[in-house]
Amino acid sequence: MSRVGVFRSLAVIAGAVIIASCSEAGISGPNANQERIAATASIQPVADRLLDHVTDVSRLDLKAVWWKKQHKDVIKVSKTIDQSGGTISIPETGLTLSFPAGAVAAPVTITVTSDAKYVAYKMEPTGTKFLKDVTATQLLNTTTLSGSPLRSQLYAAYIADDSVNLSGRVPVLEIEPSTTIFSVLSPLIPQAHVWTIRHFSRYMLASG
């Protein structure tokens, strides 16, 4: 299957993940219609939105996206994933990681820690490589992008050094294949960003 075909399938899967994540997070208030919107979520032509690995990231001026409501403390979740796959979610931040069957050869305890200020996560064990791509879905209603037209491209960025300060311009090593999902009711309003993960370290959602 071609990479574009894979991401068409990914968009469909992401729509289902978004609905499930919204339900788990108990989203209400201004976003009370989130589930209905997510159910009809659309994606701009994949060929136009698809971002593959970028080898020369020095030309990108990337800044981490902020949470809409900063957390007093980091949020950490752990779960053992085995050969059958599974999901890990952080309802408070809107993140869901989906591990397909066969992603790991043996059971491994995955720990994901969110940043208190920025849409960024440390994923452990650091250095873990997966046999099949893991899908990360980040809802945007928990971020400062919520409810506003998208003004600049979004990137899923891999940061090798866990000690890098995320304020201002952030140096990154790699841009992951990713796409932004929009609502058909408000085509300029982004709902989620979806990307693939092949190895663990630190990732952030960035705008450039």
Side-chain angles (χ1 to χ4, degrees), residues 14 17-18 21-22 24-27 29-31 34 49 51 53-54 57-79 87-98 110-128 134-182 189-208:
V17 171
I18 290 171
S21 299
C22 289
E24 290 179 9
I27 295 170
N31 295 310
Q34 184 79 12
R49 300 295 299 173
L51 290 172
H53 287 279
V54 176
V57 294
S58 61
R59 59 188 171 86
L60 296 176
D61 185 18
L62 297 180
K63 295 182 178 180
V65 175
W66 290 68
W67 296 119
K68 181 168 63 176
K69 181 180 180 181
Q70 294 185 29
H71 307 289
K72 293 182 179 180
D73 300 299
V74 299
I75 300 172
K76 179 183 293 187
V77 297
S78 294
K79 183 177 180 179
T87 61
I88 296 177
S89 296
I90 305 181
E92 297 91 337
T93 67
L95 177 75
T96 297
L97 296 181
S98 299
I110 303 296
T111 299
V112 182
T113 306
S114 69
D115 189 87
K117 295 182 179 180
Y118 302 97
V119 185
Y121 301 91
K122 181 178 181 180
M123 301 179 182
E124 301 172 286
T126 300
T128 300
V134 174
T135 301
T137 301
Q138 175 64 58
L139 298 180
L140 300 179
N141 65 316
T142 59
T143 76
T144 53
L145 301 174
S146 177
S148 300
L150 190 61
R151 301 184 183 280
S152 60
Q153 178 67 60
L154 291 181
Y155 299 87
Y158 160 59
I159 312 166
D161 188 347
D162 289 339
S163 65
V164 168
N165 191 322
L166 298 183
S167 63
R169 184 179 186 275
V170 182
V172 302
L173 286 189
E174 191 175 87
I175 300 298
E176 304 306 323
S178 67
T179 192
T180 302
I181 295 178
F182 294 82
I189 306 298
Q191 286 196 303
H193 198 70
V194 183
W195 70 95
T196 58
I197 290 176
R198 294 160 185 171
H199 51 81
F200 266 178
S201 185
R202 192 181 185 196
Y203 289 89
M204 74 172 184
L205 186 62
S207 60

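We number each residue from 1, following the sequence as shown.
A donor-acceptor distance shorter than 3.5 angstrom exists from the side chain of Ser201 to the backbone of Ile159, with no hydrogens or angles considered. Between the Thr128 side chain and the Pro125 main chain, a donor and an acceptor come within less than 3.5 Å of each other.
Checked by atom type, the side-chain pair Ser167/Tyr118 shows no donor-acceptor distance below 3.5 Å. Checking Thr96 against Ser89 by side-chain atom types alone, a donor-acceptor pair falls below 3.5 Å.
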I would like to know whether Thr135 and Leu97 meet side-chain contact (heavy atoms from CB on, under 4.5 Å); could you show each step before the answer? CA-CA 6 Å; Thr135 301; Leu97 296 181; over 6 Å; no
Between Arg202 and Val164, does the side-chain contact (heavy atoms from CB on, under 4.5 Å) criterion hold? Intermediate values first, please. CA-CA 10 Å; Arg202 192 181 185 196; Val164 168; 4.0 Å; yes
Could you go step by step and tell me if Val134 and Thr196 meet the side-chain contact (heavy atoms from CB on, under 4.5 Å) rule? CA-CA 6 Å; Val134 174; Thr196 58; over 6 Å; no
As a quick check of understanding, evaluate side-chain contact (heavy atoms from CB on, under 4.5 Å) for Tyr121 and Val112, giving each step before the final call. CA-CA 6 Å; Tyr121 301 91; Val112 182; 3.8 Å; yes
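In this structure, CG in Asn141 is found 5.5 Å from CG in Leu139, a value given to the nearest 0.5 Å. Here the straight-line distance linking atom CG of Leu150 with atom CG of Leu140 works out to 8.0 Å at 0.5 Å rounding. Interatomic distance, CG of Leu62 versus CG of Leu154, reported as 10.5 Å (0.5 Å rounding). Taking OG of Ser114 as the start and NZ of Lys122 as the end, the distance is 12.5 Å to the nearest 0.5 Å. Taking OG1 of Thr142 as the start and CD1 of Ile90 as the end, the distance is 10.5 Å to the nearest 0.5 Å. We find the NZ-OG1 distance between Lys69 and Thr93 to be 14.0 Å, quoted to the nearest 0.5 Å.
Residues Leu95 and Gln138 form a side-chain contact, since some pair of their non-hydrogen atoms from C-beta on lies under 4.5 Å apart. Inter-residue side-chain proximity for Ile88 and Lys79 is flagged as met; some heavy-atom pair is nearer than 4.5 Å. For the pair Gln191/Thr180, no side-chain contact is recorded, criterion being any heavy-atom separation below 4.5 Å from C-beta on. Within the 4.5 Å cutoff, side-chain heavy atoms of Met123 are placed close to those of Ile197.
For His193 against Ser178, the heavy-atom pair with the smallest separation is NE2-OG, 3.0 Å.
Ser152 pairs by the side chain to side chain contact (heavy atoms under 4.5 Å, CB included) definition with Ser207, not counting sequence neighbours. With sequence neighbours left out, Tyr158 forms a ring-ring contact (aromatic ring centres under 6.0 Å, His included) with His199, Tyr203.
Classified by interplanar angle (parallel below 30°, tilted 30° to 60°, perpendicular above 60°), the ring pair Trp67/His71 is perpendicular.
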